[in-house]
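Since we're looking at a predicted model, the values are computed, not measured.
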Amino acid sequence: MEENREQRTDLALFSEKMQALRRQIAAVVVGQEKVVDLVLTAILANGHVLIEGVPGVAKTLLARLVARLIDAEFSRVQFTPDLMPSDVLGTTVFNMKTNDFDFHKGPIFADIVLVDEINRAPAKTQAALFEVMEERQVSIDGTTYHMGELYTILATQNPVEQEGTYKLPEAQLDRFIMKITIGYPSLEEEVNILERHHANADLVKLEDVSPVVTREELLSLRKLLNEVFVDPTLLRYIALIVQQTRTSKAVYLGASPRASVAMLQASKAYALLQGRDFVAPEDIKFVAPYVLQHRLMLTAEAEMEGYTPVKVTQRLIDKVEVPK
C-alpha cells in the first residue's frame with residue numbers, strides 16, 4: 001500500500017511539471033497542443049525527435065522553447081550544404097605551448113542539441129551523427145567522448161524544398177524515435193497569432209522564459225517509465241503492428257525491432273503524460289503513426305497511387321485487432 005501511495009505522489013509531481021511545461025509553451029506558441037504532447041513524449045522516452053513542416057510554422061521556435069524550459073546545456077547547429085563533419089563534431093588542434101594536440105568540441109556536445117534544417121547538409125555530415133545518435137558517444141582520432149545521460153537531438157526539416165537539400169539516409173531516420181509533422185494553424189489559431197502580433201504586448205520573448213524542469217528532475221521523470229505497467233497482450237499488439245509493416249504489399253521496407261522498442265517506450269511516456277501508470281491500447285494507437293511513418297519505404301506502385309507513409313501506417317494499425 002505504501003508503495004502505491006509513493007508512486008501516486010511521483011505521478012502528481014510529474015503531472016505538475018508537465019502542466020507547467022505545457023503552460024509555458026502555450027504562452028509562446030499558439031495551438032499545436034498535439035505536437036507539443038508528442039515532443040514531450042519523445043523527450044521523456046529518451047529519444048531524438050525530427051520535426052517536419054513548411055517554413056513559418058514555428059518548428060525552430062518550438063524546439064528552442066522546449067530546450068529553454070529544461071535547465072540543461074543547449075546548443076544549436078544550422079545545417080548548410082558546405083558543413084563538414086568536423087564543424088559538427090569538433091576538431092583536434094595542435095597546441096604549440098604544450099606541444100600536444102587539443103580537442104576542440106563541436107556544437108554537438110551539449111545536453112539538448114537543435115539541428116536546424118537537418119536535410120541541408122550532405123551525406124558525410126549526416127553520417128557524422130550516426131554514432132552520437134545511437135550510442136551517445138563520439139569517436140575522434142581514436143578517442144571516445146561520452147555524452148551526458150540527458151543527451152537529446154531535436155532536428156527540424158522542410159519537406160517541400162528540393163533545391164539544396166539532401167534526403168536523410170534510412171539508417172539515420174531510424175535513429176529518431178518519432179517524426180512529427182507540424183501543419184498549418186486553424187483559422188482561429190491564425191487570428192490569435194495576428195492578435196498577439198498586433199497587440200505586441202502578448203508576445204513572450206524566448207529570453208524571458210525561465211526553465212521549468214531541471215536536468216536532474218527530467219532524468220528522474222524518465223526513470224518513472226520503468227514503473228509503467230504494460231500488459232503482455234499489449235506487447236503482442238505492438239509486435240503485430242510492426243509485423244504488418246513487413247508483410248504489407250504497399251511497403252517495400254518495413255520497420256525494424258528498433259521501431260517496436262521505440263513504440264513501447266513512446267506509449268509508456270504518453271501514458272505518463274495522461275497521468276496514468278499503465279499503458280492502454282489508445283496510447284499505442286496514438287504514438288504508432290509518428291514512430292513508424294519515417295521508417296517505412298513504400299513501393300513505387302503505392303506511391304503512384306497517392307499513398308503516403310502516414311496513410312499506410314494508419315491502415316496497418318486499423319488492421320490489427322485491439323486487445324480487450
Side-chain angles (χ1 to χ4, degrees), residues 25 29 32 34-67 70 74-80 83 88 107-108 110-123 125-136 147 150-162 165-183 245 253 255-256 258-259 261-263 265-267 269-270 286-298 308-310 312-313:
I25 293 170
V29 178
Q32 307 292 9
K34 188 178 177 181
V35 171
V36 169
D37 268 5
L38 286 165
V39 171
L40 292 178
T41 297
I43 291 172
L44 279 172
N46 194 12
H48 309 297
V49 194
L50 178 61
I51 305 170
E52 186 178 80
V54 296
V57 290
K59 299 186 298 295
T60 304
L61 176 64
L62 178 62
R64 283 181 63 200
L65 180 58
V66 169
I70 299 163
F74 172 68
S75 167
R76 176 182 174 168
V77 199
Q78 182 73 48
F79 269 25
T80 55
L83 201 71
V88 178
I108 206 73
D111 290 319
I112 296 175
V113 182
L114 166 59
V115 179
D116 220 355
E117 301 271 3
I118 191 168
N119 56 339
R120 289 214 174 274
T125 308
Q126 299 289 359
L129 295 177
F130 280 24
E131 183 186 7
V132 76
M133 284 180 78
E134 182 60 21
E135 295 165 51
R136 308 292 211 274
M147 300 299 178
L150 187 64
Y151 195 72
T152 307
I153 288 179
L154 303 174
T156 70
Q157 76 170 11
N158 168 6
V160 289
E161 209 163 330
Q162 298 306 314
T165 60
Y166 302 82
K167 202 168 177 288
L168 295 191
E170 279 72 27
Q172 188 179 5
L173 282 171
D174 200 36
R175 282 164 167 77
F176 286 103
I177 191 168
M178 281 187 185
K179 177 181 167 187
I180 303 163
T181 308
I182 297 192
T245 68
L253 180 71
S256 68
R258 190 190 273 153
V261 175
M263 211 186 298
Q265 291 301 96
S267 54
Y270 187 67
F286 180 77
V287 300
Y290 307 99
V291 172
L292 293 175
Q293 63 162 319
H294 57 295
R295 292 181 158 97
L296 306 186
M297 275 177 74
L298 302 188
T308 61
V310 184
V312 170
T313 305

Tell me, with the steps shown, if Ile43 and Ile112 meet side-chain contact (heavy atoms from CB on, under 4.5 Å).
-> CA-CA 10 Å; Ile43 291 172; Ile112 296 175; 5.8 Å; no
Residues in salt bridge (Lys or Arg N to Asp or Glu O under 4.0 Å) contact with Glu170, at least two apart in sequence or another chain | Lys167
In this structure, CG of Leu173 is separated from NE2 of His48 (nearest 0.5 Å) by 13.0 Å
Take Arg258 and Glu134 through the side-chain contact (heavy atoms from CB on, under 4.5 Å) test and state the conclusion after the steps.
-> CA-CA 11 Å; Arg258 190 190 273 153; Glu134 182 60 21; 3.4 Å; yes
Full working for side-chain contact (heavy atoms from CB on, under 4.5 Å) between Ile118 and Val77 | CA-CA 9 Å; Ile118 191 168; Val77 199; over 6 Å; no
Met178 and Val291 have their tightest heavy-atom pair at CG-CG2, 4.1 Å
Distance (rounded to the nearest 0.5 Å) between Asp174 CG and Leu168 CG | 12.0 Å
Pairwise distance CZ(Phe176) to CD(Glu52) - rounded to 0.5 angstrom | 11.0 Å
Considering all heavy atoms of both residues, which atom of Val113 and which atom of Ile108 are nearest to each other, and what is their separation?
-> CG2-O, 3.5 Å
Audit row: Phe79, Asn119, side-chain contact (heavy atoms from CB on, under 4.5 Å) steps and yes/no | CA-CA 8 Å; Phe79 269 25; Asn119 56 339; over 6 Å; no
Nearest heavy atoms of Ala266 and Thr41, plus distance in Å = O-CG2, 3.2 Å
Verify, without hydrogens or angle tests, whether Thr152 (side chain) and Leu150 (backbone) share a donor-acceptor contact under 3.5 angstrom.
-> yes
For the residue pair Gln126 and Pro169, what are the closest heavy atoms and their distance?
-> CB-CD, 4.2 Å
Could you tell me whether a side-chain N or O of Lys59 sits under 3.5 Å from a main-chain N or O of Ile51, the two making a donor and an acceptor?
-> no
For the side-chain contact (heavy atoms from CB on, under 4.5 Å) test, which of Arg175, Lys179, Gln172 pairs with Leu50?
-> Lys179
Student check: side-chain heavy atoms of Arg136 and Asn46 closer than 4.5 Å = yes
Thr313 (side chain) donor-acceptor with Leu292 (main chain) under 3.5 angstrom = no
Considering all heavy atoms of both residues, which atom of His294 and which atom of Ile177 are nearest to each other, and what is their separation?
-> CE1-O, 4.0 Å
How about Glu117 and Thr60: do any of their side-chain heavy atoms sit closer than 4.5 Å?
-> no
Those residues that, when tested against Ser75, pass side-chain hydrogen bond (donor to acceptor under 3.5 Å, both in side chains) (two or more places apart) = none
Heavy-atom pair of closest approach, residues Pro122 and Thr80 = CD-O, 4.1 Å
May I ask you to test the Thr245-Val312 pair for a side-chain heavy-atom distance under 4.5 Å?
-> no
Using the test ring pair (Phe, Tyr, Trp, His ring centres under 6.0 Å), find all partners of Phe286 that sit at least two apart in sequence or belong to another chain.
-> Tyr270
When rounded to the nearest 0.5 Å, the distance separating CG of Leu154 from CZ of Arg76 is 12.0 Å
Can any side-chain N or O of Arg295 pair as donor or acceptor with the backbone N or O of Leu253 at less than 3.5 Å?
-> no
